[in-house]
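To start, the structure under review is shown below, and the notes come after it.
One-based numbering along the sequence shown. Being a predicted model, the structure only gives us computed values, none of them experimental.
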Amino acid sequence: MTADAVGLRLGPLLRHIGRETDGRATVWVETERPCAAEVRCADGAGGSARTFSIAGHHYALVTVAGLSPGATTAYEVLLDGARVWPEPDSGFPPSVITVPEPSSAAVTVTFGSCRWAAKPSGEHDPVGPDALDTLASRLAADPAAERPDVLLLLGDQVYADEVSADTRAWLAGRRDLDEPPGAEVADYEEYTRLYDESWRDPEVRWLLSTVPSCMIFDDHDVIDDWNTSAAWLAEMRALPWWRERVLSGLMSYWVYQHLGNLSPAELESDPLFAAVRAADDGTDELRAFAARADADPATVRWSFRRDFGRTRLLMVDTRAARVLDEGRRSMLDPEEAGWLREQALEDPGSYDHLLIGSSLPWLLPPLVHDTEGWNAALCRGERGARWARLGEKVRRAADLEHWAAFPPSFAALASLIAEAGRGPEAPAGVYVLSGDVHHAYVAEPDWRGAPGPDARVLQLTCSPVHNSIPRMIQLGFHFGWSRVGRRLGHLLARHGRTGRPPVHWERTGGPWFGNQLMTLTLRGRSARLRLDQAREAGPGGREGRRLIAVEERELTGPED
């Protein structure tokens with residue numbers, strides 16, 4: 001590379017892939033300075049875009065056109081005409097774009113959440129092998145092996161409030177960590193450091209360059225327990241550093257994660273994307289957007305829909321779209337709830353599988369569910385002001401803010417799933433894909449004798465990709481599924497006068513603890529589940545790690 005050549009700072013990330021007759025895909029990059037970014041494919045497909053600038057950083061989202069359905073092609077990235085990807089002597093196979101046949105009903109979906117950036121190769125990692133690193137190593141070792149059609153990252157892609165030792169030292173070189181927010185990120189520049197640390201990991205960088213991805217945030221992308229309650233939010237807004245933190249979190253999420261969730265057609269009609277690209281520096285436009293989104297969540301929709309042949313994915317924002325007023329507390333604001341309902345019910349019979357991506361599980365261990373419902377009743381004043389004050393303290397201390405902590409929203413989702421899954425044109429399966437809780441399990445509901453769905457409905461929870469969970473909390477989750485735990489939950493529900501939830505559910509798999517990924521293989525009306533855990537397979541650093549299948553089962557088949 002010559003002295004005046006433009007360097008590739010981050011990426012490429014292969015994001016959206018369509019199934020049009022003339023296939024299109026999007027590729028995201030961050031560059032060292034303004035330039036023209038080009039993606040050039042071996043089969044002649046390609047595309048280019050000028051970078052846009054945010055807070056001194058430079059990005060491009062390139063739409064690649066002319067891709068052949070049913071074909072796989074290698075690609076390279078050029079900046080101002082000079083090739084920067086693949087890197088020389090990288091040791092990885094070429095990055096490729098695979099476009100399925102438009103009529104294909106088959107899709108393989110791999111998902112998980114909660115990923116601390118992995119330690120550099122050769123350093124001891126106290127939380128064990130990173131599941132994404134290990135998946136990348138497996139695919140790189142055998143490029144012909146079956147790979148996911150899409151990777152769903154269900155929250156906590158970065159940890160703004162739990163930084164690594166290296167990032168802490170970097171922060172200390174910028175500012176006094178004795179001043180709030182201390183060793184947490186404070187602004188946009190510090191957020192870019194988190195993405196650098198996470199996505200420059202060689203294995204993850206290659207994996208994200210060759211497997212399409214969809215992403216949604218969870219709390220640690222901004223701060224632990226983000227938007228837990230109205231009282232929590234009021235206290236945070238009174239802190240002098242909070243506004244910069246939340247605006248920077250939303251701005252960086254839009255740039256690094258959200259844009260790539262959108263199709264080329266959605267990007268072409270997005271007024272903010274147009275304004276940012278048209279400006280010499282789009283910081284002010286993006287910051288104003290983030291300020292509106294923070295002040296009134298109904299002004300923006302982070303949720304999105306993707307269709308993979310006859311599989312429909314609805315990725316749902318369960319953080320920024322909340323209504324926190326205790327009198328009308330809801331996981332989704334009315335606009336977001338209306339969008340979810342519309343997308344789930346549109347064109348019945350047009351899909352065989354409905355996937356609802358929610359960073360937070362819908363069905364929890366029964367004791368946890370009843371505790372959250374009890375707490376919600378206390379906080380809204382069911383037992384008086386004194387209990388309400390206690391309830392707020394307990395809610396924050398115990399992280400009681402999943403779907404169960406929003407009882408009307410829990411019931412509304414149950415009702416929507418039943419409606420979408422019922423009738424002669426019902427899908428074979430409705431699967432709620434979630435993370436957050438640092439373990440994996442399968443749970444299956446029934447509708448207590450009420451009209452339920454004809455489709456098979458499952459809660460599929462998989463977390464973490466690379467994180468840890470204390471032994472005591474592991475034991476607590478085991479207890480939460482037990483008969484004694486369920487009876488204790490019933491007592492709490494009685495005290496809170498919550499009534500019974502509209503569905504009853506049982507755990508039918510797990511709990512499994514470790515760094516892990518779940519994979520759904522969907523073909524026609526059949527579905528197969530596999531859970532892989534990253535394990536040390538002997539000495540040799542990352543080369544000695546393997547993904548081990550700890551669970552495999554058929555979920556639905558043609559007879560279902």
Side-chain angles (χ1 to χ4, degrees), residues 30 52-59 61 155 157-161 174-175 179-181 184-195 215-262 266-267 269-304 316-325 328 330-337 339 359:
E30 180 178 358
F52 59 91
S53 298
I54 302 293
H57 291 258
H58 313 286
Y59 311 93
L61 190 63
Q157 274 67 261
V158 294
Y159 279 71
D161 52 353
R174 298 189 81 229
R175 55 182 172 83
E179 297 294 325
E184 300 182 12
V185 301
D187 58 24
Y188 187 90
E189 183 64 27
E190 294 178 5
Y191 264 103
T192 69
R193 164 75 185 195
L194 298 183
Y195 285 102
M215 307 179 187
I216 198 73
F217 46 41
D218 199 24
D219 55 343
H220 290 284
D221 290 273
V222 176
I223 194 170
D224 188 25
D225 299 339
W226 179 31
N227 285 341
T228 289
S229 67
W232 178 94
L233 185 57
E235 289 181 18
M236 297 303 294
R237 285 177 169 171
L239 298 174
W241 55 270
W242 171 248
R243 180 172 172 79
E244 188 61 36
R245 168 70 157 273
V246 70
L247 295 191
S248 296
L250 293 173
M251 291 169 66
S252 61
Y253 175 76
W254 185 85
V255 171
Y256 286 84
Q257 299 191 48
H258 179 68
L259 276 180
N261 293 328
L262 305 180
E266 289 169 322
L267 290 168
S269 63
D270 188 295
L272 176 60
F273 189 49
V276 165
R277 286 185 298 162
D280 291 335
D281 184 327
T283 307
D284 290 344
E285 286 83 356
L286 182 54
R287 187 176 179 85
F289 167 84
R292 292 193 298 273
D294 178 53
D296 182 4
T299 63
V300 60
R301 174 171 51 77
W302 301 109
S303 301
F304 60 95
V316 183
D317 164 21
T318 58
R319 282 291 170 186
R322 296 178 175 187
V323 177
L324 298 177
D325 179 81
R328 55 190 188 94
S330 177
M331 182 66 87
L332 307 177
D333 63 49
E335 291 79 6
E336 199 88 6
W339 175 87
S359 65

> Do you know which two heavy atoms are closest between V300 and A293, and how far apart they sit?
Replying inline: CG1-CB, 3.5 Å

> Mind checking what makes ring-ring contact (aromatic ring centres under 6.0 Å, His included) contact with Y191, not counting sequence neighbours?
Replying inline: none

> With W242, which residues qualify under ring-ring contact (aromatic ring centres under 6.0 Å, His included), at least two apart?
Replying inline: W232

> What's the shortest heavy-atom distance between I216 and Q157, and which atoms?
Replying inline: O-NE2, 3.0 Å

>> For a 4.5 angstrom cut-off between non-hydrogen side-chain atoms, does L259 reach Y59?
In response: no

> Would you say S303's side chain and D317's backbone share a donor-acceptor pair under 3.5 angstrom?
Replying inline: yes

> Can you name the residues that form a ring-ring contact (aromatic ring centres under 6.0 Å, His included) with Y195, not counting sequence neighbours?
Replying inline: W199, Y256

>> Between V185 and V158, does the side-chain contact (heavy atoms from CB on, under 4.5 Å) criterion hold? Intermediate values first, please.
In response: CA-CA 11 Å; V185 301; V158 294; over 6 Å; no

> Do R237 and V246 have side-chain heavy atoms sitting under 4.5 Å apart?
Replying inline: no

>> Please find the pair of heavy atoms, one from D281 and one from I54, that lie closest to each other, and give the distance.
In response: OD1-CA, 4.4 Å

>> Can you give me the closest heavy-atom contact between P297 and A321, atom names plus distance?
In response: CB-CA, 4.3 Å

> For E184, which residues count as a salt bridge (Lys or Arg N to Asp or Glu O under 4.0 Å) partner, sequence neighbours excluded?
Replying inline: R245

> Within 45° of the six-membered ring axis of F304 and under 6.0 Å from that ring's centre, is NZ or CZ of R301 located there?
Replying inline: no

>> Show the nearest heavy-atom pair for residues E189 and A55, with the distance to one decimal.
In response: OE1-O, 4.3 Å

> Got more than 12 heavy atoms from elsewhere within 6.0 Å of CG, D296?
Replying inline: yes

> If you round to the nearest 0.5 Å, how far is CG of D333 from CZ of R322?
Replying inline: 12.5 Å

> CG/D221 to CH2/W226 distance, rounded to the nearest 0.5 angstrom?
Replying inline: 8.0 Å

> Would a 4.5 Å heavy-atom cut-off, applied to side chains only, mark V222 and R319 as touching?
Replying inline: no

> Hey, are the side chains of H57 and F52 touching, using non-hydrogen atoms and a 4.5 Å cut-off?
Replying inline: no

>> Assess whether a salt bridge exists between R175 and D187, defined as any Lys/Arg side-chain N lying under 4.0 Å from an Asp/Glu carboxylate O.
In response: no

>> For the backbone of D225 and the side chain of D219, can you confirm whether one donor and one acceptor N or O come within less than 3.5 Å of each other?
In response: yes

>> Is the shortest side-chain heavy-atom distance between L61 and L262 below 4.5 Å?
In response: no

> Which atom names give the shortest non-hydrogen contact between N227 and L233, and what distance separates them?
Replying inline: OD1-CD1, 3.8 Å

> Sequence neighbours excluded, which residues qualify as ring-ring contact (aromatic ring centres under 6.0 Å, His included) partners of H220?
Replying inline: Y159

>> Is the shortest side-chain heavy-atom distance between M236 and T228 below 4.5 Å?
In response: no

>> Rounded at 0.5 Å granularity, tell me how far CD in E190 sits from CZ in R174.
In response: 4.5 Å

> Got a second to check how far E244's CD is from R287's CZ, nearest 0.5 Å?
Replying inline: 4.0 Å

>> Taking side chain to side chain donor-acceptor pair (under 3.5 Å) as the definition, give me every residue that meets it alongside S359, ordered by chain and number, with sequence neighbours left out.
In response: D218, T318

> So Y253 and F217, would you call those rings parallel, tilted or perpendicular, with 30° and 60° as cut-offs?
Replying inline: tilted

>> Could you check whether any side-chain heavy atom of L272 comes within less than 4.5 Å of a side-chain heavy atom of W254, counting everything from C-beta outward?
In response: yes

